[in-house]
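Just follow the structure's listing: the first ligand is 1, and inside any ligand the first atom is 1. Values below: all heavy atoms of this structure, side chains included; hydrogens, waters and symmetry mates excluded.
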Amino acid sequence: MTLHIDLQAIVANWSALAAKAPGARASAVVKADAYGLGAARVAAALYEAGARDFFVALASEGRALRPHLPRDARINVLSGHIEGADLTGLVPVLNSSEQFFRDRAMRPGKPFAIQLDTGMNRLGLEAGEWSAIRAEALAAKPDFIMSHLACADEPGHPANASQLAAFRAMTEGCDVPLSLSATGGILLGPDYHFDLIRPGVGLYGGLPFADAQPVVRLSLPVIQTRTVQAGEFVGYSATWTADSPRRIATVAAGYADGILRSISSKGARLYAARTACPIVGRVSMDLITVDVTGLADIPAELDLICPAQPVDRVADYAGTIGYEILTSLGRRYDRTWR
Ligand SMILES: *Cc1c(COP(=O)(O)O)cnc(C)c1O
């Protein structure tokens, strides 16, 4: 079971997104182990390409990443300053006045950033809370002030313009770098770029960055093949029955590896180069069964994620989004970085 990760493609996607916002610094979001692809390797490759700003969700992720990046790399922690977190060498993005006062009391003079809520109602200071601490926060010189868009993957959604207006109003007169956009916001155009962009999923080849280079190939070894006769079933609960003699291959991976059981019977395929082989029956914990009748030769491995079936296609079959497929990719794969 091999998860091939193309670091050059990640760097190319980062550069392509950076080029869309020429006036802004491009950071890289590497939370959740770089969406499952290996934060240490991904961040080091992007540092090499010029990235100096990184985002993780948790202080523990930042602590794990810190030794892999030179000192001039800034690792920002989106959850901010949670009580008891070890933020040595990290930059918390403070999300409430409570976090602000805790952080300033415990880390006076240390770098921090501020997140404002502009309508998503998930993380960040709301307008009233911000007004109350704004003067004190600005006097302490935050590295940047950011907010996050709820609907940036839908360019026509009215929340984009209203969050943009709210962000402008709340940051008016702040002489501090500003950041609003993740991948989707970058694609909304220059109004949304400000000083620092925060691409995540687009680096890893996922939508909404439709022009991304493919990053992931997931190759699964064939363990066994057999012929089933018309009328025989395959797999748990006998959900699939052969209507003619079929050649069935069993590959070593399953829902324990993040291949969601919900893709069963939805039309997902495994690929032998360009040839599609339908998954038949239920995805089980460690195994998947595939109809390879159409193949002249059975290869040693079949691919689930590949250019012919990108991560977002797999996500469609599962009824989810590419982000969830990537971050579900299991620990049992051999990850190889090229
Ligand atoms: C995850 C996240 C990002 C990156 O989002 P993508 O859609 O993956 O580009 C940026 N900013 C914040 C606050 C996030 O939580």
Asks: Considering non-hydrogen atoms of the protein only, which is the closest contact for atom 5 (O) of ligand 1, and what is the distance?
Replies: A182 CB, 3.3 Å
Asks: For A57, check side chain to side chain contact (heavy atoms under 4.5 Å, CB included) against everything at least two apart and list the hits.
Replies: K31, E61
Asks: Does Y47, at its OH atom, have more than 12 non-hydrogen atoms belonging to other residues, nucleotides or ligands within less than 6.0 Å?
Replies: yes
Asks: Using a 4.0 Å cut-off to any heavy atom of V201, which atoms of ligand 1 qualify?
Replies: 6 (P), 8 (O), 9 (O)
Asks: Give a yes/no on ligand 1: does P199 have at least one heavy atom closer than 4.0 angstrom to it?
Replies: yes
Asks: Give the contacting part of R198 toward ligand 1: side chain, backbone, both or neither, where contact means a heavy-atom distance below 4.0 Å.
Replies: both
Asks: With sequence neighbours left out, write down each residue that passes side chain to side chain contact (heavy atoms under 4.5 Å, CB included) with Q224, or none if nothing qualifies.
Replies: R226
Asks: Between M120 and ligand 1, find which residue part has any heavy-atom pair under 4.0 Å and reply side chain, backbone, both or neither.
Replies: neither
Asks: If we only count N/O pairs under 3.5 Å, is G184 in contact with ligand 1?
Replies: no
Asks: Mind checking whether F55 contacts ligand 1 via backbone (N, CA, C, O), side chain (CB onward), both or neither, at a 4.0 Å heavy-atom cut-off?
Replies: neither
Asks: Could an N or O of ligand 1 be found under 3.5 Å from any N or O of M146, whether backbone or side chain?
Replies: no
Asks: May I have the step-by-step check of side-chain hydrogen bond (donor to acceptor under 3.5 Å, both in side chains) for S181 and R198, ending in yes or no?
Replies: CA-CA 6 Å; S181 286; R198 307 189 308 270; over 6 Å; no
Asks: What protein heavy atom is closest to atom 7 (O) of ligand 1, reported as residue, atom name and distance in Å?
Replies: Y323 OH, 2.7 Å
Asks: Which one of E98, K110, H81 satisfies the side-chain contact (heavy atoms from CB on, under 4.5 Å) criterion with D103?
Replies: H81
Asks: Do V290 and Y317 sit in one hydrophobic cluster, given that two such residues count as connected whenever their side-chain heavy atoms are within less than 4.5 Å of each other, even indirectly?
Replies: yes
Asks: Where on L123 is there a heavy atom closer than 4.0 Å to ligand 1, on the side chain, on the backbone, on both, or on neither?
Replies: neither
Asks: Hey, which atoms in ligand 1 end up nearer than 4.0 Å to a heavy atom of R122?
Replies: 15 (O)
Asks: Taking atom types as modelled, is there a side-chain donor on D312 or Y323 under 3.5 Å from an acceptor on the other?
Replies: no
Asks: Heavy-atom pairs closer than 4.0 Å: do any link ligand 1 to the side chain of T183, the backbone, both, or neither?
Replies: both
Asks: For A273, does its backbone N or O pair with a side-chain atom of D303 as donor and acceptor, under 3.5 Å?
Replies: no
Asks: Would you mind running through ligand 1 and noting each atom that sits below 4.0 Å from a heavy atom of Y35?
Replies: 1 (C), 4 (C), 5 (O), 6 (P), 8 (O)
Asks: Quick check, are the ring centers of F55 and Y35 under 6.0 angstrom apart?
Replies: no
Asks: Starting from atom 2 (C) of ligand 1, which protein heavy atom do you reach first, and at what distance in Å?
Replies: K31 NZ, 2.5 Å
